[in-house]
Every structure is written in structure tokens, then in C-alpha cells.
Amino acid sequence: MPELPEVEIIRQSLDKKIRKKKVKKVIIRNKNLRVKIPNDFKKFLEKKIINKVSRFSKYLIIYLSNNKFCLIHLGMSGTIHLIDPNNKKDFTNLSFYNSSFLPKKHNHIEIIFDKFKIIYNDPRRFGFFQMIKNSDDLKRRLMHLGPEPFEDKFNLKYFFKFIKNKERTIKDLLIDQKFVSGIGNIYASEILFLSKINPQKILKLLSEKECSQIIRNSKKVLLDAIDKGGSSIRDFKNINGNKGGFQDNFNVYHREGKSCKRMNCGGIIIKKVITNRSTFFCNFCQN
DNA sequence: AAGAGGCCCTGATAGC
DNA sequence: TGCTATCAGGGCCTCT
């Protein structure tokens with residue numbers, strides 16, 4: 001499910017809910033995730049107070065009161081559910097569902113607080129929960145990731161270093177987390193549409209102007225998506241109050257065969273597999 | 001050494 | 001209706 005905007009939406013609501021709260025109990029229902037949940041994970045979290053819920057790229061970082069961290073990645077299908085019998089009003093975004101909508105299968109972890117609990121569900125098991133023992137380890141763990149699009153470091157000079165003499169396509173580079181982190185398959189297509197660049201364009205052929213466009217639109221698309229509460233493609237049917245999904249704003253993603261939304265363009269949206277991922281673009285204004 | 005491709009896993013949907 | 005094939009928002013590993 002989640003690219004940077006979706007993870008940020010989850011972070012915001014999770015932080016609001018569990019900050020300064022004490023973990024009462026942890027139940028491991030199924031330890032098989034991308035990284036197997038270690039035996040001492042229960043002990044790692046129990047009795048600790050959550051200082052805050054932070055995020056880098058698509059990773060959630062839970063700061064614990066003992067200066068350790070819990071690093072969470074949702075993979076493709078990880079979701080976090082709030083079960084709070086006393087407060088139905090909290091079920092207002094992507095990550096939180098009324099308890100009656102909680103899937104019966106694939107619950108992996110339950111984290112129980114005093115008055116509510118959260119459940120991690122992940123059918124495809126590409127997500128993970130990891131214990132990080134100090135900030136140096138955290139830094140090391142995330143070291144391989146490039147800057148987020150919002151950072152000053154993500155500028156023209158940085159961009160040029162990655163495209164010089166390179167034969168890869170721009171689409172492939174945009175979803176490469178070592179280059180820039182947080183952009184996934186949906187937003188890569190959307191960013192290139194706004195930039196009027198064909199996703200198959202070879203890196204070494206990109207002009208300075210085109211690179212600037214991509215830098216600017218990377219920020220724009222992700223910020224707009226956060227503003228709209230993220231995107232949910234395969235819309236989970238029974239989410240309360242999940243309006244304003246960014247999926248309604250998609251210009252190209254999942255719009256194969258439809259007409260281009262750009263004023264007076266007249267082009268048709270094409271779907272093409274680029275390095276094993278579906279990519280969408282206009283056959284007219286993105287050439 | 002860059003870049004393509006496969007693999008981890010389950011479920012929803014498309015197509016016959 | 002019921003089967004099978006394909007595809008899914010991520011990331012990592014291997015092979016050439």
C-alpha cells in the first residue's frame with residue numbers, strides 16, 4: 001500500500017494516539033514477516049512509553065522512553081488498525097478501521113495500551129518490525145537511503161551526479177530509494193506526468209530544465225498527496241470517514257486508455273511495464 | 001559495475 | 001459458475 005504520503009498519514013494519526021502512552025502488553029500472533037519477529041520483541045516493547053512516532057521515507061520510527069527505537073516498514077500490504085471501544089471518532093483515516101472491519105486473517109502483532117490497542121495486519125508479509133538499540137544503529141540502518149524529495153540535498157547538482165552517462169530510464173531512477181527515498185510506483189508516474197517527461201527517457205539525455213521539473217514536482221506531488229490524506233487504490237471498503245483520497249487526483253496512474261487530463265492535450269494514457277513495474281503516461285504530452 | 005530480472009507472499013480481479 | 005493466470009502501492013538479492 002504505502003508510499004511516503006500514506007506512511008506520513010499513518011504516522012500522524014498513530015502519533016496522536018500513542019504518544020506518551022505506555023505499552024501494557026504485546027501479543028505476537030504471527031512472527032513471519034519479511035524479517036522474522038525476534039523472540040525478545042515482546043520484552044523490548046512492553047512497559048515502555050512511546051515518546052513519539054516519527055518517519056523517514058516509507059519507514060515509521062517509534063521512539064521509546066529508553067532511547068531505543070522500533071523500526072516499522074509496511075511493505076506492500078501492511079496496515080495498522082486501531083481498536084478503541086470508547087472512541088469511534090478516531091476511525092477517520094487510511095490506517096485506522098473500526099474494529100468490526102478488522103480482517104480475521106493475517107494479524108501479526110497486537111500492541112495493547114491501557115484503553116485501546118493497535119493491530120498490525122499484513123497478508124503478503126513484506127513488512128517488518130525491527131528493534132533498534134540506539135540512534136547510531138538507527139542511522140546505520142537507514143544509511144543506504146537517499147534524501148527525501150523535500151530535503152535541500154535533493155537539488156540539481158545531486159541529480160546530475162546520478163544521471164551522468166547513465167543508460168537507465170528516469171522512471172527506474174525515481175523509484176530507486178538510494179537516489180531519492182519515499183517515491184514509489186504510483187507517484188513516480190504522477191511526477192513524470194506533471195513534468196511532461198516520458199518515463200522511458202534515458203537518464204543521460206535529460207536536460208537541466210527537465211531535472212528541475214522533476215525535483216519540483218516530486219515535492220509537489222508528495223505534499224499534495226499528504227494534504228489529501230494519501231491514496232488508497234484497492235479501496236478498503238468500510239473505512240469510516242476516508243474521504244479526500246488522492247486517488248481521485250491521479251492524472252495517469254490506473255488510467256490506461258483514458259484521455260489525458262491536461263487541457264487541450266487530446267492524448268491517451270498508455271500503460272507500459274518498465275523494469276517490471278507498471279508505468280502510466282500520456283502518449284502525446286509526455287514525449 | 002550498472003542494470004535487468006527474480007523472488008519473498010497472499011488475495012483480488014480479469015479472462016476464459 | 002468456476003477455474004487459471006495475472007497483477008498488486010516494496011525492497012533485496014543474484015546474475016550477467
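Naming convention: chains lettered A, B, ... in sequence-line order (proteins, then strands); numbering from 1 in each chain.
In summary, A/K22 and A/E46 do not engage in a salt bridge, as defined by a charged side-chain N under 4.0 Å from a carboxylate O. Between A/R34 and A/D122, none of the side-chain N atoms (NZ, or NE/NH1/NH2) sits under 4.0 Å from a carboxylate O, so this pair counts as no salt bridge. Between A/K52 and A/D15 there is no salt bridge, since no side-chain N of the basic residue sits under 4.0 Å from a carboxylate O of the acidic one. Checked for salt-bridge contact, A/R168 and A/D176 meet the test: a charged N lies under 4.0 Å from a carboxylate O.
Nearest nucleotide to the side chain of A/Y253, out of C/dG11, B/dG11, C/dA8: C/dA8. The side chain of A/Q177 sits closest to C/dG11 out of C/dA8, C/dG11, B/dG3. Of the listed nucleotides (C/dG9, B/dG11, B/dG3), B/dG11 has the atom at the smallest distance from the side chain of A/K105. Taking only side-chain atoms of A/H144, from C-beta outward, the nucleotide of C/dG9, B/dG11, C/dC12 with the closest atom is C/dC12.
Side-chain atoms of A/Q130 never come within 3.5 Å of backbone atoms of A/V35 as a donor-acceptor pair (strictly under, hydrogens ignored). When atom types are taken as modelled, the side chain of A/E6 and the backbone of A/S231 share a donor-acceptor pair closer than 3.5 angstrom.
The separation between A/E3 atom CD and C/dG10 atom C1' is 9 Å, rounded to whole Å. Rounded to an integer number of Å, the gap from CD of A/E6 to P of C/dG10 is 9 Å. As rounded to whole Å, 21 Å separates atom P of C/dT16 from atom CD of A/E167. Going from atom CZ of A/F128 over to atom P of C/dG11 covers 9 Å, rounded to whole Å. Rounded to an integer number of Å, the gap from A/K36 NZ to B/dC8 P is 16 Å. Protein atom CG of A/N276 is 14 Å distant from nucleotide atom C1' of B/dC8, rounded to whole Å. The interatomic distance linking A/H106 (NE2) with C/dA8 (C1') rounds to 15 Å, in whole Å. With rounding to whole Å, A/N165 atom CG is found 15 Å from B/dA1 atom P.
A sub-4.0 Å separation between OP1 or OP2 of B/dG3 and a side-chain N or O of A/T275 is absent. Proximity of A/H73 to the phosphate of C/dG10: no side-chain N or O atom is located under 4.0 Å from OP1 or OP2. An OP1 or OP2 oxygen of B/dC8 is reached within less than 4.0 angstrom by no side-chain nitrogen or oxygen of A/R125. A/K178 has no side-chain polar atom (N or O) that falls below the 4.0 Å cut-off from OP1 or OP2 of C/dC12. At the phosphate of C/dG10, OP1 or OP2 sits under 4.0 Å from a side-chain N or O atom of A/R277.
Residue ring and nucleobase are stacked for A/F126 and B/dC8, with a centre distance beneath 5.5 angstrom and an angle between planes beneath 30°.
Within the 4.0 angstrom heavy-atom criterion, only backbone atoms of the sugar-phosphate kind lie near A/K271; the bases stay farther away. Across all strands shown, A/N185 has heavy atoms under 4.0 Å from sugar-phosphate atoms exclusively, and none from any base. A/Y187 comes within contact range of no nucleotide atom at all, as no heavy-atom separation falls under 4.0 Å. Residue-level contact check: A/N32 touches neither bases nor backbone, having no heavy atom under 4.0 Å from any strand.
Look at the C1' atom in both C/dG9 and B/dG3: the space between them is 23 Å, to the nearest Å.
A/R124 contributes a side-chain N or O that forms a donor-acceptor pair with the base of B/dC9 under 3.5 Å.
Pairing for B/dG11 goes to C/dC7, judged as Watson-Crick or G-U wobble with the two contacts each under 3.5 Å.
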